[in-house]
Protein chains: 2
Amino acid sequence: MSENVDSILGDQASVPAAAEFARRCRDVGLADTPQRRVIFAALTSSKDHPSAEVLHGRVKERLPRISLATVYRNLSLFVEKGLVDGVATASSHARFDANPHKHHHLICKSCASVTDVYSAAYDALGVDRLESGGFEVQEIKVTGYGLCPRCKTKETNDA
Amino acid sequence: MSENVDSILGDQASVPAAAEFARRCRDVGLADTPQRRVIFAALTSSKDHPSAEVLHGRVKERLPRISLATVYRNLSLFVEKGLVDGVATASSHARFDANPHKHHHLICKSCASVTDVYSAAYDALGVDRLESGGFEVQEIKVTGYGLCPRCKTKETNDA
DNA sequence: TTACGAATGATAATCTTTCCTAATCCGGTG
DNA sequence: CACCGGATTAGGAAAGATTATCATTCGTAA
Ligand SMILES: [Mn+2]
Ligand SMILES: [Mn+2]
Ligand SMILES: [Zn+2]
Ligand SMILES: [Zn+2]
């Protein structure tokens with residue numbers, strides 16, 4: 001950690017962006033560090049949906065000494081604090097389901113439990129209603145994220 | 001691999017189920033093996049959404065010598081062939097998104113690329129419309145799975 | 001400026017998933 | 001039913017991904 005912040009962030013529109021990021025960090029109780037600024041800026045300026053490792057590669061252009069662990073650590077924090085979204089793709093840590101009836105899922109943000117949801121309204125969501133631009137949509141899944149009953153009560157007792 | 005199939009599958013309703021499974025395997029071009037029968041049966045009789053490792057634990061009660069690699073291998077095949085569903089939870093292999101505008105995603109089953117979708121109709125899906133039974137739903141995401149333009153053309157050229 | 005809790009970097013430890021190879025099994029044939 | 005050839009498995013190891021640890025450094029509020 002030797003570079004100074006201005007040179008790290010570059011000259012572009014980073015001044016107002018940096019102030020904005022500092023405010024958002026304060027709001028969620030995170031310290032405003034150069035690493036976080038750069039990670040967040042790299043993700044914000046990404047048009048794709050990079051993985052932690054890809055992001056680490058991009059961030060290293062600005063902060064060559066940053067650790068991969070720091071990137072993982074802060075992405076998790078950002079997701080936890082709601083500063084960014086995590087997109088669950090497939091494979092890896094997957095859960096499996098042989099229930100042949102059409103249904104959707106509720107996933108607990110706290111314990112990762114999966115609950116089935118049956119909804120005629122959701123089943124009826126047409127693939128055709130998607131603005132899919134060349135993408136061949138084969139199926140649509142509606143997923144609700146939140147807190148399962150068990151975790152909800154636990155949450156309130158924690159305070 | 002020494003136990004015989006009947007003793008492995010037990011006496012319950014496994015006879016018709018076994019025949020049904022054999023047929024579905026044939027349909028998708030997979031051999032009907034004892035390991036696959038037991039893995040599939042274990043998943044079918046699960047009311048939860050087990051991970052590969054949890055399933056391995058359950059399957060081992062019937063086939064103590066089965067390898068974890070066999071479970072992973074066959075779950076992937078089952079998903080690929082459409083015999084079961086994979087449920088993407090979070091963490092691990094996650095992709096990240098700092099796009100602050102409400103939107104949904106299309107995920108390519110072939111290359112795992114993620115494409116943004118903006119849809120007022122999907123945004124309007126009310127949390128309240130979910131039959132959520134005690135689950136506190138905080139947000140709803142609609143995800144379309146299929147083939148991205150690049151993979152779609154690749155697919156047709158492969159044949 | 002000081003003091004202290006928070007964050008980082010480096011690396012070890014843990015998963016999770018895939019690969020590899022010899023041995024075994026499956027499905028069809030004679 | 002015995003046999004063959006290709007498909008599949010067990011097992012272990014390798015690879016890949018993520019998290020934990022800890023000494024050191026930094027950021028923040030007083
Ligand atoms: Mn389900
Ligand atoms: Mn997105
Ligand atoms: Zn929960
Ligand atoms: Zn694709």
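Below, chains carry the letters A, B, ... as their sequence lines are ordered, and counting in each starts from 1. What you are looking at is a predicted structure, and each value in this text was computed from that prediction instead of being measured.
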K.L.:
Got a sec, which residues hit side chain to side chain donor-acceptor pair (under 3.5 Å) with S113(A), two or more places apart in sequence or on another chain?
P.N.:
none
K.L.:
For L63(B) and dC25(C), give me the distance from atom CG to atom P, rounded to whole Å.
P.N.:
13 Å
K.L.:
Could you check which residues of residues 42-58 of chain B get a heavy atom under 4.0 Å from DNA chain C? Sort them by number, please.
P.N.:
E53(B)
K.L.:
Could you tell me how far apart R37(B) (CZ) and dC25(C) (C1') are, to the nearest whole angstrom?
P.N.:
11 Å
K.L.:
Separation of R65(B) atom CZ from dT8(D) atom C1', in whole Å?
P.N.:
16 Å
K.L.:
Is the phosphate of dA10(C) approached by S67(A) (side-chain N or O, under 4.0 Å from OP1 or OP2)?
P.N.:
no
K.L.:
Please confirm whether the shortest side-chain N or O distance from Q35(B) to OP1 or OP2 of dA10(D) is below 4.0 Å.
P.N.:
yes
K.L.:
Just checking L68(B): base, sugar-phosphate only, or nothing, at a heavy-atom cut-off of under 4.0 Å?
P.N.:
base
K.L.:
Any heavy-atom pair between the side chains of L75(A) and L43(A) that's under 4.5 Å?
P.N.:
yes
K.L.:
Decide yes or no for I66(B) and K60(B): does some side-chain heavy atom of the first lie under 4.5 Å from some side-chain heavy atom of the second?
P.N.:
yes
K.L.:
Test of understanding: with side chain to side chain contact (heavy atoms under 4.5 Å, CB included), list the residues that count as partners of K102(B), not counting sequence neighbours.
P.N.:
D123(B)
K.L.:
List the residues meeting side chain to side chain contact (heavy atoms under 4.5 Å, CB included) with S46(B), not counting sequence neighbours, and say none if there are none.
P.N.:
D48(B), P50(B), L55(B), R58(B)
K.L.:
Does a side-chain heavy-atom distance below 4.5 Å link V142(B) with L125(B)?
P.N.:
yes
K.L.:
Got a sec, which residues hit ring pair (Phe, Tyr, Trp, His ring centres under 6.0 Å) with H105(B), two or more places apart in sequence or on another chain?
P.N.:
H49(A), H103(B)
K.L.:
Going by heavy atoms in the side chains, are T70(A) and R73(A) under 4.5 Å from each other?
P.N.:
yes
K.L.:
For A112(A), give me all partners under side chain to side chain contact (heavy atoms under 4.5 Å, CB included), at least two apart in sequence or on another chain.
P.N.:
none
K.L.:
Excluding sequence neighbours, so at least two apart, what forms ring pair (Phe, Tyr, Trp, His ring centres under 6.0 Å) with F21(A)?
P.N.:
F40(A)
K.L.:
Would you mind reading off the distance between I66(A) atom CD1 and dT11(C) atom C1', rounded to a whole angstrom?
P.N.:
16 Å
K.L.:
In whole Å, what is the span from the CZ atom of R36(A) to the P atom of dA6(C)?
P.N.:
11 Å
K.L.:
Strictly by ring pair (Phe, Tyr, Trp, His ring centres under 6.0 Å), give each pair with a member in residues 50-77 of chain A just once, sequence neighbours left out.
P.N.:
none
K.L.:
Which residues, if any, of residues 71-87 of chain A bring a heavy atom under 4.0 Å of DNA chain C?
P.N.:
R73(A), N74(A)
K.L.:
Specify the angle, to 10°, made by the local axes at the two ends of the helix from dT1(C)-dA30(D) to dG30(C)-dC1(D) when five pairs are taken at each end.
P.N.:
40°
K.L.:
Produce the list of close N/O pairs, under 3.5 Å, pairing protein atoms with atoms of nucleotides 28-30 of chain D; give distances to one decimal.
P.N.:
residue : atom : partner : partner atom : Å
dT28(D) : OP1  : D32(A)  : N            : 3.4

K.L.:
Between R37(A) and D32(A), does any NZ, NE, NH1 or NH2 come within less than 4.0 Å of an OD or OE carboxylate oxygen?
P.N.:
yes
K.L.:
Taking side chain to side chain donor-acceptor pair (under 3.5 Å) as the test, write out the residues that go with S67(A), two or more places apart.
P.N.:
none
